[in-house]
Amino acid sequence: MMRLLLLILLAFALPAKAEQVVLGLSKEIVQISTDFDGSDILIFGAIKRETPIEAEPLQVIVSVAGPQQPVTVWRQARRFGIWVNAHAVEVDAAPSFYAIATSAPWARVISETEDLRHKVSIPRAIRSVGAPMDVPDAQSFTEAVIRIRTREGTYQLLENTVTVREQTLFDTAISMPANLTEGSYPTRIFLTRGGRVINTYETEIEVRKVGLERWLYVLSRQQPFVYGLMSLFIAIAAGWGASTAFRILRSQ
């Protein structure tokens with residue numbers, strides 16, 4: 001509550017605009033350690049305005065996106081009685097994580113035109129420039145990425161989860177899973193009215209590996225040969241330990 005009051009005070013100290021977002025985050029850095037099992041990020045803010053509140057309610061959209069990465073998607077086909085990888089499409093860039101929270105059902109918060117302009121929805125956040133001419137229905141490969149990652153929980157559409165109080169304060173919580181990719185997570189806030197975007201705000205959440213996770217990550221990138229030898233040694237030691245323990249148990 002104290003943070004929300006500070007946001008309101010800060011809002012009135014800013015240069016005047018019709019309606020403007022003042023944002024806060026419960027965490028600006030997410031640290032990934034060996035026992036990391038996910039994190040909830042509380043996103044809250046205030047809406048500064050210099051005009052009276054309009055009759056048509058203001059809606060809020062919050063999006064958090066992970067680092068963009070290329071993805072190769074394969075489609076299987078039956079060949080000589082067995083299923084094999086037959087066609088592949090390279091999706092140029094897809095966020096490793098993408099969550100959208102809205103204050104109302106999706107169709108009410110933003111129009112198709114505004115979604116196309118700002119690339120808010122999950123399909124708009126994925127860039128797939130082209131596909132081989134011999135691949136039928138290339139769009140289905142992008143849909144497969146969305147379907148798989150939605151099932152895994154890394155793509156989320158959270159309708160009616162942003163609480164807007166008195167058309168002035170808003171807050172929501174985004175659950176980030178354990179399998180996060182390290183990097184910057186752009187976070188965007190959209191104020192909309194009648195499906196039209198009237199103000200945006202952008203910030204970033206940093207996701208970093210720490211402790212043993214960080215050391216192993218850096219080692220695998222900077223000294224892959226040493227990392228490979230260490231992994232082999234650990235695998236041999238684990239196998240030898242399990243074998244020894246099994247022989248001791250049998251001898252008793």
Side-chain angles (χ1 to χ4, degrees), residues 21-32 36-45 59-73 89-107 109-129 139 141-163 170-192 195 197-210 217:
V21 175
V22 183
L23 179 71
L25 298 170
S26 63
K27 295 180 182 177
E28 294 184 354
I29 299 177
V30 176
Q31 297 182 336
I32 302 177
F36 179 76
D37 60 356
S39 179
D40 287 344
I41 304 295
L42 175 62
I43 300 173
F44 55 91
Q59 305 295 348
V60 179
I61 305 173
V62 178
S63 72
V64 180
Q68 294 274 351
Q69 300 172 332
V71 180
T72 301
V73 185
V89 167
E90 180 84 8
V91 176
D92 301 274
S96 59
F97 171 84
Y98 197 66
I100 308 171
T102 68
S103 58
W106 179 258
V109 296
I110 191 168
S111 66
E112 285 290 333
T113 301
E114 292 289 87
D115 182 25
L116 179 62
R117 178 180 303 159
H118 295 279
K119 295 179 172 56
V120 186
S121 65
I122 295 174
R124 301 292 185 196
I126 298 175
R127 185 172 73 249
S128 183
V129 176
Q139 179 60 30
F141 287 79
T142 299
E143 294 171 355
V145 173
I146 297 173
R147 184 173 61 253
I148 293 170
R149 293 190 172 181
T150 298
R151 187 168 62 244
E152 294 173 345
T154 51
Y155 284 2
Q156 308 169 20
L157 175 56
L158 310 169
E159 298 177 287
N160 298 301
T161 58
V162 179
T163 302
F170 65 87
D171 63 84
T172 189
I174 302 292
S175 295
M176 305 181 80
N179 57 337
L180 291 177
T181 301
E182 189 178 36
S184 296
Y185 283 59
T187 301
R188 299 188 293 169
I189 314 296
F190 299 89
L191 297 184
T192 70
V197 175
I198 61 175
N199 187 249
T200 63
Y201 183 97
E202 297 187 16
T203 186
E204 287 186 345
I205 298 171
E206 290 292 327
V207 174
R208 302 174 184 170
K209 291 182 172 68
V210 296
Y217 177 81

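What's counted below: heavy atoms across the whole structure, side chains too, no hydrogens, waters or symmetry copies. Note that this is a predicted model, so its numbers are computed, not measured.
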Using modelled atom types only, decide if a donor and an acceptor are shared between the side chain of Asp115 and the backbone of Ser121 within a distance under 3.5 Å.
-> yes
Any chance you could measure Glu202, atom CD, to Thr187, atom OG1, to the nearest 0.5 Å?
-> 9.5 Å
Walk me through it: do Tyr185 and Leu180 pass the test side chain to side chain contact (heavy atoms under 4.5 Å, CB included)?
-> CA-CA 10 Å; Tyr185 283 59; Leu180 291 177; 3.7 Å; yes
Rounded to the nearest 0.5 Å, what separation is found between the CG atom of Leu157 and the OG atom of Ser63?
-> 11.5 Å
Shortest non-hydrogen contact from Gly153 to Pro177?
-> O-CG, 4.4 Å
Counterpart residues, side-chain contact (heavy atoms from CB on, under 4.5 Å), relative to Ala125 (two or more places apart) = Pro95, Tyr98
Look at the side chain of Thr161 and the backbone N and O of Ala101, then say whether any donor-acceptor pair between them is shorter than 3.5 Å.
-> no
In plain terms, say whether Glu114 and Arg124 are close enough for a salt bridge, that is, a side-chain N and a carboxylate O under 4.0 Å apart.
-> no
Between CE on residue Met176 and OG1 on residue Thr154, distance to nearest 0.5 Å = 11.5 Å
Decide yes or no for Pro123 and Ile146: does some side-chain heavy atom of the first lie under 4.5 Å from some side-chain heavy atom of the second?
-> yes
Look at the side chain of Gln68 and the backbone N and O of Ala94, then say whether any donor-acceptor pair between them is shorter than 3.5 Å.
-> yes
Using modelled atom types only, decide if a donor and an acceptor are shared between the side chain of Gln156 and the backbone of Ser175 within a distance under 3.5 Å.
-> yes
Partners of Arg147 by side-chain contact (heavy atoms from CB on, under 4.5 Å), sequence neighbours excluded?
-> Ala144, Arg151
Taking atom CD of Glu112 as the centre, report whether more than 12 heavy atoms of other residues, nucleotides or ligands fall under 6.0 Å from it.
-> no
Mind checking whether Val64 and Phe97 have side chains closer than 4.5 Å, heavy atoms only?
-> yes
Shortest non-hydrogen contact from Leu42 toward Thr172 | CD1-O, 3.2 Å
Quick one: side-chain hydrogen bond (donor to acceptor under 3.5 Å, both in side chains) partners of Arg149, sequence neighbours excluded?
-> Tyr155
Nearest 0.5 Å, what's the CZ-CD1 distance between Phe190 and Ile61?
-> 7.0 Å
Using only heavy-atom distances, determine whether the side chains of Ser184 and Glu206 contain a donor-acceptor pair under 3.5 Å.
-> yes
If you measure from CD1 on Ile43 to CD1 on Ile205, what distance do you get to the nearest 0.5 Å?
-> 5.0 Å
CG of Leu158 to CD1 of Ile100, rounded to nearest 0.5 Å, is 8.5 Å
Shortest non-hydrogen contact from Ala104 toward Asn160 = CA-OD1, 3.2 Å
Please answer whether the main-chain N or O of Val109 pairs with a side-chain N or O of Thr192 as donor and acceptor at a distance below 3.5 Å.
-> yes
Exam field: side chain Arg188 to backbone His118, donor-acceptor pair closer than 3.5 Å | yes
Leu191 side chain reached by Val60 side chain, heavy atoms, under 4.5 Å | yes
Looking just at side-chain N and O atoms, do Ser103 and Gln59 make a donor-acceptor pair shorter than 3.5 Å?
-> yes
